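Bear in mind the structure is a predicted one, so any value in this text is a computation, not a measurement.
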Amino acid sequence: QVQLVESGGEMVQAGDSLTLSCICAGRTCYAYIISWFRQVPEKEREFVAGITPEGDTTEYSDSVKGRFTISGNNAKNTTYLQMNNLKPEDTATYYCAARIGAFILTRRQSYDDWGQGTQVTVSS
């Protein structure tokens, strides 16, 4: 089990860029796949991006591919989500999540540990 803390969310305008951070605390953080999800009220939490512990494999949802980049700094136990060309539909609470496994999975139920979320609001 690990503890995750997100930060970096704020209110921005359409077309702006923003970077979210997810700090992992725990002795086994190096072994976890880290993914970002997002959720708006009354909708399902949706997968955004994921990265393997080695950083050699990433996955993105179609809605963010080409605009968002996930990366990791193992020395700092931190995973980043660089978001470019933000759109109003990117407005959501963003969560990072961790799982042990060989593959980046997109289902919320596949993840064991979650952060508390950070709010991103994009105005038009």
Side-chain angles (χ1 to χ4, degrees):
Q1 187 176 8
V2 294
Q3 293 75 47
L4 304 171
V5 178
E6 306 95 333
S7 63
E10 62 180 85
M11 181 177 292
V12 297
Q13 293 189 332
D16 284 353
S17 297
L18 194 62
T19 299
L20 305 182
S21 299
C22 172
I23 297 176
C24 179
R27 291 188 298 172
T28 57
C29 284
Y30 63 89
Y32 281 74
I33 288 171
I34 302 293
S35 290
W36 286 94
F37 286 73
R38 65 186 182 186
Q39 188 170 23
V40 296
E42 301 183 352
K43 287 195 173 182
E44 291 291 320
R45 192 169 296 187
E46 65 170 355
F47 174 84
V48 175
I51 188 168
T52 55
E54 301 80 10
D56 56 348
T57 302
T58 57
E59 294 284 346
Y60 297 92
S61 67
D62 288 342
S63 62
V64 307
K65 198 172 295 183
R67 298 188 299 123
F68 290 12
T69 303
I70 189 170
S71 62
N73 184 326
N74 286 341
K76 296 184 177 180
N77 278 349
T78 303
T79 303
Y80 304 98
L81 185 68
Q82 171 71 39
M83 305 185 292
N84 296 328
N85 190 23
L86 282 161
K87 304 176 181 181
E89 50 264 41
D90 295 317
T91 295
T93 301
Y94 284 71
Y95 299 87
C96 63
R99 68 178 298 271
I100 291 284
F103 304 104
I104 300 168
L105 301 180
T106 61
R107 292 174 67 246
R108 173 183 183 175
Q109 294 83 354
S110 301
Y111 290 79
D112 304 307
D113 300 296
W114 292 83
Q116 82 289 347
T118 187
Q119 178 67 36
V120 174
T121 303
V122 184
S123 60
S124 57

inquiry  = Please list all pairs meeting side-chain hydrogen bond (donor to acceptor under 3.5 Å, both in side chains) that have one or both residues in residues 90-107, counting only residues at least two apart or in different chains.
reply    = Arg38-Asp90, Arg38-Tyr94, Arg67-Asp90, Thr93-Gln119
ask   = Residues two or more places apart in sequence or in another chain: which of them pass side chain to side chain donor-acceptor pair (under 3.5 Å) with Asn84?
value =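 Listed in chain order: Ser17, Gln82.
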Tell me every residue that passes side chain to side chain contact (heavy atoms under 4.5 Å, CB included) with [X], counting only those two or more places apart in sequence or in another chain.
X	answer
Ser21	Ser7, Thr78, Tyr80
Ala31	Ile100
Asp16	Val12, Gln13

task = Indicate yes or no for a side-chain donor-acceptor contact from Glu6 to the backbone of Gln116 under 3.5 Å, with no hydrogens or angles considered.
result =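 Flag set: sc Glu6 to bb Gln116 pair under 3.5 Å.
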Of all residues at least two apart in sequence or in a different chain, which pass the salt bridge (Lys or Arg N to Asp or Glu O under 4.0 Å) check with [X]?
X	answer
Asp113	none
Asp62	Lys65
Lys43	none

query = Tell me, which pairs form a disulfide (SG to SG under 2.5 Å) where one or both residues lie in residues 65-122, sequence neighbours left out?
reply = Cys22-Cys96
key: Of all pairs that satisfy salt bridge (charged side-chain N to carboxylate O under 4.0 Å, His left out), the ones with a partner from residues 74-83, not counting sequence neighbours   =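 Not a single pair qualifies under salt bridge (charged side-chain N to carboxylate O under 4.0 Å, His left out).
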query = Got a sec, which pairs hit salt bridge (charged side-chain N to carboxylate O under 4.0 Å, His left out) with one end in residues 18-28, sequence neighbours left out?
reply = none
message = Show me the pairs that pass ring pair (Phe, Tyr, Trp, His ring centres under 6.0 Å) and involve residues 37-63, at least two apart or across chains.
response =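 Residue pairs with at least one partner in residues 37-63: Phe37-Phe47, Phe37-Tyr111, Phe37-Trp114.
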